[in-house]
Amino acid sequence: MLIAIAVLGWICAAALATWLVSLLGFFGIGLIGVTTWFVGSWIDLEKEGTVGHELTPGLYADQIRAQQGMSRAERAAMRSEQSLTRRKAQFFKYLGMGLTAIGLGGFLIYQL
């Protein structure tokens, strides 16, 4: 069931990207790149876990307490997972930068 939901989400994202590029051309590619770059940066900023809100001031303290109660193996697994997430976020940031450069560069060349 979850795989079907994920596939449906990817199909919707691909359809939206195709529609955006067909409507806006190179500017659409740049817009997709900026969005991808933003999401990659956002994930990279939240690599330590959830960020609290002023309505939930104890959330960060609870996370610190939970991390202090972990065993060495659990901490190593958490660091490994964070490293993998950081590499994925870095890849998508670079992909977003590339799409932004291609899209906006193509838009400027097309306009000239």
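Residues take their numbers from the sequence shown, with the count starting at 1.
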Under a single-linkage definition using a 4.5 Å side-chain heavy-atom cutoff for Ile, Leu, Val, Met, Phe, Trp and Tyr, are [X] and [Y] assigned to the same hydrophobic cluster?
X: I29; Y: L16; answer: yes
X: M97; Y: W42; answer: no
X: L104; Y: F26; answer: yes
X: W10; Y: L99; answer: no
X: F38; Y: V21; answer: no

Looking only at heavy atoms, the pair that brings Q68 and R75 closest together is O-NH2, 3.2 Å

Tightest non-hydrogen contact, residues A89 and G40, listed as CB-O, 3.7 Å

Fill in: Stepwise side chain to side chain contact (heavy atoms under 4.5 Å, CB included) check, F92 with L95
CA-CA 5 Å; F92 282 107; L95 178 68; 4.0 Å; yes

Can you check whether [Y]'s main-chain N or O pairs, donor with acceptor, with [X]'s side chain at less than 3.5 Å?
X: S83; Y: R79; result: no
X: S22; Y: T18; result: yes
X: E74; Y: S71; result: yes

**OP:** Check the surroundings of atom CD1 in I3: do more than 12 heavy atoms from other residues, nucleotides or ligands lie under 6.0 Å from it?
**Re:** no

Output for pair (K88 NZ, I43 CD1), nearest 0.5 Å, gives 9.5 Å

Output for pair (Q111 CD, I109 CD1), nearest 0.5 Å, gives 11.5 Å

- Query: Is the F107-F27 ring centre distance short of 6.0 angstrom?
  - Reply: yes

Residues pairing under side chain to side chain donor-acceptor pair (under 3.5 Å) where one sits in residues 30-39, two or more places apart or in two chains, turn out to be none

For residues 90-105, the side chain to side chain donor-acceptor pair (under 3.5 Å) pairs (sequence neighbours left out) are D44-K93, Q90-Y94

